[in-house]
Amino acid sequence: VKKIYEDAEGASREIKAGEFSFELSGVNGAPMPSGAVDNKVIVNSREAASGEETINFGLISYTSEGEYEYTIKEIEGTDSSVTYDSQSITAKVSVTKNNSNGLDTAVTYTKGGEATQTPTFENTYTSPKETSAKIEVTKNYNQAIKAGEFSFTLTGLNGAPMPLGTTGNTVNKSTTG
């Protein structure tokens, strides 16, 4: 299963390790890969600077002919900037006996009722809407304050945004009286 992560303009966005999670569930007792618990396997995304990753649930061993079905879904995260893919993918595995008395597998996928050769979960990241804050202080003094009598400095730390028109990471202001 493929994972694609883009911003709202369609540019690839880096996938961080553990940022996305996916669940494989067997239908009607279908064989499961090693590590399955309660007929489910959950896999987390790995680091992918390209914004595209292949999600691997592990190998599944089959010991008899038959038709086996699995449901794959993306587990919705909590980041409100991300649009998570809510459509599940169905994987059908057909296991048949070959001429050498071995077993062969053929896997088909559907998503949204449509057959697909490349089952993909797609997410879109939308930057949070910009906001602003007004930083202000009040000077209390037991006499009338004269213009320029007191000065105040606002210093931005760790790359904090500064007021418009600021050069560098410091703003100096004096009382206006």
Side-chain angles (χ1 to χ4, degrees), residues 1-98 102-135 156-162 164:
V1 175
K2 188 188 268 188
K3 169 78 185 149
I4 295 178
Y5 190 30
E6 299 177 337
D7 65 19
E9 288 75 41
S12 294
R13 187 166 169 83
E14 178 182 359
I15 297 173
K16 295 181 179 88
E19 186 173 14
F20 298 98
S21 297
F22 308 90
E23 178 184 285
L24 171 77
S25 301
V27 177
N28 296 324
M32 294 295 292
S34 175
V37 176
D38 294 330
N39 208 37
K40 294 179 183 178
V41 172
I42 295 176
V43 174
N44 294 318
S45 60
R46 297 180 314 250
E47 197 76 28
S50 68
E52 191 171 304
E53 178 188 8
T54 299
I55 307 301
N56 184 339
F57 292 97
L59 290 176
I60 301 173
S61 295
Y62 298 93
T63 57
S64 62
E65 295 177 89
E67 300 292 321
Y68 304 96
E69 187 172 315
Y70 301 88
T71 301
I72 307 165
K73 68 178 187 175
E74 178 175 44
I75 299 170
E76 187 170 329
T78 58
D79 187 340
S80 62
S81 297
V82 177
T83 302
Y84 293 91
D85 195 330
S86 61
Q87 286 191 320
S88 62
I89 295 170
T90 299
K92 291 186 178 181
V93 179
S94 178
V95 181
T96 56
K97 191 182 290 186
N98 61 31
L103 296 175
D104 291 329
T105 59
V107 183
T108 58
Y109 298 96
T110 57
K111 183 176 181 185
E114 300 288 324
T116 178
Q117 296 290 347
T118 311
T120 304
F121 289 110
E122 297 185 40
N123 300 100
T124 303
Y125 177 85
T126 304
S127 297
K129 292 183 174 72
E130 185 177 311
T131 189
S132 59
K134 184 176 182 180
I135 299 173
L157 301 176
N158 301 320
M162 295 297 289
L164 293 175

Applying salt bridge (Lys or Arg N to Asp or Glu O under 4.0 Å), can you list everything that pairs with E19, at least two apart in sequence or on another chain? none
Over 12 non-hydrogen atoms of neighbours within 6.0 angstrom of NZ in K111: yes
Assess the side chains of E114 and T116: does a donor N or O sit below 3.5 Å from an acceptor N or O? no
Here the salt bridge (charged side-chain N to carboxylate O under 4.0 Å, His left out) pairs for residues 25-48, sequence neighbours left out, are R46-E53
Is the side chain of N39 donor-acceptor paired with the backbone N or O of G26 at a distance under 3.5 Å, no angle test? yes
For the residue pair E67 and S94, what are the closest heavy atoms and their distance? OE2-OG, 2.8 Å
How close do S88 and T71 get, counting heavy atoms only, and between which atoms? CB-CG2, 3.9 Å
The ring pair (Phe, Tyr, Trp, His ring centres under 6.0 Å) partners of Y125 (sequence neighbours excluded) come to none
Summary of ring pair (Phe, Tyr, Trp, His ring centres under 6.0 Å) pairs that have at least one residue in residues 47-66, sequence neighbours excluded: Y62-Y68
Distance from E69 atom CD to S25 atom OG, nearest 0.5 Å? 11.0 Å
Tested for side-chain contact (heavy atoms from CB on, under 4.5 Å) against V43, the lone hit among N56, I55, I75 is I55
Please report the shortest heavy-atom distance between I72 and A91, naming the atom on each side. CD1-CB, 4.3 Å
Between OG1 of T90 and NZ of K92, what distance do you get to the nearest 0.5 Å? 7.0 Å
Considering non-hydrogen atoms only, spot the tightest contact between P33 and V41 and give its length. CG-CG2, 3.7 Å
4.5 Å side-chain heavy-atom contact, S50 and S12: no
Note, P31 side chain near Y70 side chain (heavy atom, < 4.5 Å): yes
Hey, could you give me each pair passing salt bridge (charged side-chain N to carboxylate O under 4.0 Å, His left out) that has a residue in residues 5-16? Not counting sequence neighbours. none
How about M32 and L24: do any of their side-chain heavy atoms sit closer than 4.5 Å? yes
Quick check: closest heavy atoms across I42 and S21, and the distance to 0.1 Å? CG2-CB, 4.4 Å
How far does CD of E122 sit from CD1 of I4, to the nearest 0.5 angstrom? 5.0 Å
For a 4.5 angstrom cut-off between non-hydrogen side-chain atoms, does Y84 reach D79? yes
Specify the closest pair of heavy atoms between L103 and S64, including all atoms of both residues, with the distance to one decimal. CD1-N, 3.7 Å
Scan for ring pair (Phe, Tyr, Trp, His ring centres under 6.0 Å) pairs involving residues 22-50, sequence neighbours excluded, and state none if there are none. F22-F121
Between the main-chain N or O of E65 and the side-chain N or O of K97, is there a donor-acceptor pair closer than 3.5 Å? no
Flag the pair T63 / S61 as yes when at least one side-chain heavy-atom distance between them is below 4.5 Å, and no otherwise. no
